[in-house]
Amino acid sequence: MKNFIYRFNNKIRPRTNDKNLLGGKGANLAEMGKLGLPVPPGFTISTEMCDFFYKNKKKIPKLLLSKIKKEIKIIEKLTKKKFGNLNNPLLLSVRSGARVSMPGMMDTILNLGLNDKTVKSLANTTGNTRFANDSYRRFIQMYSNVVLGVEAYLFEELIENYKHTKGVLQDTDLNADDWEDLIFDFKKLVKSKARKNFPQDIYEQLSEAISAVFLSWESKRAKTYKRLNQIPDHWGTAVNVQSMVFGNMGNDCATGVAFTRDPSTGENSFFGEYLINAQGEDVVAGTRNPQHITKKARIKSNAKELSMQEKMPQVYSELKKIFYKLEKYYRDMQDIEFTVEKGKLWMLQTRSGKRTAKAAVKISVDMVQEKLISKKEALLRIDPNTLDSLLHPTLDEKTERKIIAKGLPASPGAASGRVTFSSNEAERLKSLMQESILVRIETSPEDIHGMHAANGILTSRGGMTSHAAVVARGMGKPCVSGSSQVYIDYEKKIFKSDGVTVKEGDLITIDGGSGKVMLGKIPTVKPKLSEDFNKVMSWADKVRKLKVRTNSETPMDTKVAREFGAEGIGLCRTEHMFFNEERILYMRKMILSKTKEDRLDSLKRLLPHQQNDFFKIFKIMNGLPVTVRLLDPPLHEFLPKTTKEVSEVAKSFNLSEADINGRINELHEQNPMLGHRGCRLGISFPEIYEMQCEAIFEALVECKNKKIKLVIPEIMIPLVSTAAEIEILKDLVDKTAKAIQKKHSIKIKYYVGTMIELPRAALRANDIAKFADFFSFGTNDLTQTTFGISRDDSGKFLNDYVENKIFNRDPFIEIDVRGVGELIKIATERGRKQKKSLKLGICGEHGGDPASIEFCEKAKLNYVSCSPYRVPIARLAAAQAYLKKQK
Ligand code: PEP
Ligand code: MG
């Protein structure tokens, strides 16, 4: 049988850093063992076993069990304890560990090996019956929930009722006898719900626990997390079996979570929390508010309870040495879990810590300066998608605000929205395009969909490493955690804080950077980008080969994009320039015109607006390339819809509403996306494109007269599928250009090109390239027409497609490399064969998606174009794409 078991602390074993095989947790435990750090003995059952398990009808092979028994013998030797022994029993933890960390998504079982007999011997050897009984009841709760499917709240209810009858409030008020009573009740509950006795056979416990961890890879919440984070199913999870150490055996015991640098700001100082006399789950679950690790952090936050540095100075200094050692070894910020058992420090986990975008940028720049990593590594370490949170507006400091609570600044960024107390409600509001803030006492992995749907998260309990804080940071969502002033009443759907009652549906604002909670919606202002951010961007610019342009049609967006480093405009959608109230009327009139005269009249009125906008945009772009796309309005987006709109158009035409409705009916199309749009409009009504070209060239003349650096416009014909279309329309552009040049006696340089957004255009790229100076891939339409899936309606079923693994990701977000990508490659090859100088870019939404940008680099395009706020993301993603190609 192939080897599926890998022991920690095995100094000669290779592949200790193989995360694919051992999972992140297993690999890091083995690495720490190799470094000589104090790791409780144990072993990893590899991810290959997970695959085998699913192929083997979800059963663990017998041979594996006998190998596990051998490994346990080794643990017994090292710990001088024995599994199931009645003198000094060995207890085990069984934990999941996938390639990447999936906080709280899969199952864990602690204190395994306890039964009615070993619990007594645990009490004897530790001299602490309360501790032994408490450990046993925790084990029954976890095991019965994870393995036997008994709902967790049923146990909590029994504890609450017991405390109520006894007249106490805290779990800590329960003594050894109380827990013994509860163990009796728990076992009765298990019998009635699971229809079997709680297992006393410790090997049955172990094999069932291992199976349950493998099964949790396919649990509902793990599936959601995998989908949201694009984690493929075939990775599987490893299982780590490890001897237990206890942080809850008395006041010389503790458990904690720490980061080697601040995961919110990136500041180079230790950051962490610990709890005396507690188990690890207590810190992460946020059921008790933990204390600081360092004195500095305690003083900064005005906390009274002593830090670990003050309370356990020796252990702290050992921990500090380990922090340095791990950072130096991994050359990255580490997220660490540890336990102190009777004054002895044990390392339970280390991994690269999740961090905010701000911290990622700072840590990368600092580590380059500290010569820990190279600039290339620094660039590859920052997830471009997370930069989004740095680019968006922050709260306007000048606005009056009513602060109703303060909590921990768990995940930066500001968010406003309607208060909601349930994840399902947050999801419902999102489907109605409404913003929400999810307010919970604490979150659990069941809330993952609500956290994703909400704009921000507020919890009344839990620290900086609570579930809410960790998951929100990972998602780049603003979060305020542990706001203890907030008193939540789920029943009444209200929360009270600082004398204010806030109801479900009320608007609040949270600032995850300062931890403040405010009433109402607070306006925002443009963020200031840090020096570190600019440094990273300048490194990216030196590396990348792809140019980054922006999709913009307003002077304001164009300005933002330039500030973010756009090197040109890749798509100016001219129909969007007519969206404002005054102009849309003429746009509608123009579309509804029956005669050429009527149309010319509307066009005449639109021309000065268009010319003026072009002038402003050209001025801002100051000589950089600008791709102007001639009109491409799918008719359904522009026809009047409401009776008010119909009556406005009727009035301005001097016609009746019935006449207008009649015209709307005439123009009605079954498939407007495949209808009279794009260049088809230019073929039917050349005067429209003539007006637009006139506006472009007149704006350039104005620039020239005002001595503004001239841009070279790239005039783009949309929705072309044949060479004849572009031949005719290029001729139209040339004629208009000639007339204006003659009128002003000046020479203007310009290019004419086309969008490739129909499969036929990609296939006939060689013909089309004869008449085009450039191609721009309109991958929104190209995806729509390649799959035959409507861009507007696909939301209804795309989730099912992702769920059923037909698509890994929505193809309108990440380019479908195998289909749409193939067409892009064909068009690139055929187009360049016809015309070597052909310039190639992409301007669909994919132009701002890092995975799609990686494809564009491989396909050898010249540039990507994306919305202004995604420009820095694309700059970094383009650098990463190039670096990855070199590997
Ligand atoms: C496209 O189709 O990809 C494109 C950029 O054009 P639009 O989204 O305006 O149809
Ligand atoms: Mg298009």
Side-chain angles (χ1 to χ4, degrees), residues 548-554 557 561 566 568-579 587 626-638 669 671-682 688-689 692 714-721 725-726 729 753-762 765 768 772 774-795 810-817 819-821 823-824 827-828 839-849 852-853 855-856 859 861-868 870-871 874:
V548 177
R549 298 194 189 181
T550 191
N551 294 357
S552 166
E553 43 273 330
T554 66
D557 279 0
I569 289 181
L571 175 63
C572 172
R573 290 176 164 105
T574 49
E575 64 278 5
H576 286 197
M577 296 164 119
F578 302 121
F579 270 147
M587 179 73 177
V626 176
T627 307
V628 180
R629 181 176 76 186
L630 301 183
L631 213 62
D632 175 18
L635 283 179
H636 65 307
E637 284 178 20
F638 288 88
E669 291 177 329
N671 283 313
M673 273 291 185
L674 303 176
H676 202 179
R677 60 176 284 220
C679 67
R680 296 157 199 173
L681 213 60
I688 300 177
Y689 280 9
Q692 293 199 286
E714 300 176 358
I715 298 169
M716 181 154 79
I717 318 290
L719 220 73
V720 162
S721 59
E725 287 165 326
I726 182 157
L729 294 171
T754 179
M755 293 193 76
I756 301 287
E757 42 190 347
L758 296 170
R760 193 183 190 282
I768 292 172
F774 65 89
F775 286 171
S776 176
F777 293 99
T779 44
N780 303 333
D781 274 311
L782 191 57
T783 301
Q784 168 167 261
T785 50
T786 301
F787 279 104
I789 287 178
S790 158
R791 300 160 58 164
D792 295 330
D793 307 312
S794 58
D810 179 343
F812 288 107
I813 296 175
E814 182 179 325
I815 212 150
D816 156 51
V817 171
V820 176
L823 285 169
I824 292 177
T828 302
K839 202 191 284 184
L840 296 161
I842 178 176
C843 64
E845 288 312 301
H846 305 87
D849 169 62
S852 310
I853 292 172
F855 165 79
C856 294
L861 302 193
N862 301 101
Y863 69 85
V864 297
S865 186
C866 55
S867 63
R870 292 202 78 82
V871 166

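On a predicted model such as this, the values are computed, not experimentally measured, just so you know. All ligand and atom numbering here is 1-based and tracks the order in the structure. Position 1 is the first residue of the sequence, and the numbers go up from there.
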**Item:** Distance below 2.8 Å from the Mg ion (ligand 2): protein N/O/S atoms
**Value:** Glu757 OE1, Asp781 OD2
**Request:** Take Arg549 and Thr627 through the side-chain hydrogen bond (donor to acceptor under 3.5 Å, both in side chains) test and state the conclusion after the steps.
**Result:** CA-CA 10 Å; Arg549 298 194 189 181; Thr627 307; 3.0 Å; yes
**Asked** Thr783: what forms a side chain to side chain donor-acceptor pair (under 3.5 Å) with it, not counting sequence neighbours?
**Response** none
**Asked** Can you name the residues that form a side chain to side chain donor-acceptor pair (under 3.5 Å) with Thr754, not counting sequence neighbours?
**Response** none
**Fill in**
Heavy-atom nearest pair, Gly778 first then Cys843, reads CA-SG, 4.3 Å
**Request:** Decide, yes or no, whether a salt bridge links Asp781 with Arg677 under the criterion of side-chain N to carboxylate O below 4.0 Å.
**Result:** yes
**Asked** Does the pair Arg870/Glu845 count as a salt bridge with the N-to-O cut at 4.0 Å?
**Response** no
**Request:** To the nearest 0.5 Å, tell me how far Met587 CE sits from Leu631 CG.
**Result:** 4.0 Å
**Asked** Does the side-chain hydrogen bond (donor to acceptor under 3.5 Å, both in side chains) test come out yes or no for Glu757 and Thr785, once each step is laid out?
**Response** CA-CA 8 Å; Glu757 42 190 347; Thr785 50; over 6 Å; no
**Prompt:** Listing by chain and number, which residues have a heavy atom under 4.0 Å from ligand 1?
**Reply:** Leu571, Arg573, Arg629, Arg677, Met755, Glu757, Gly778, Thr779, Asn780, Asp781, Arg791, Cys843, Gly844
**Item:** For Glu575, the option from Leu681, Asp632, Leu630 that meets side-chain contact (heavy atoms from CB on, under 4.5 Å)
**Value:** Asp632
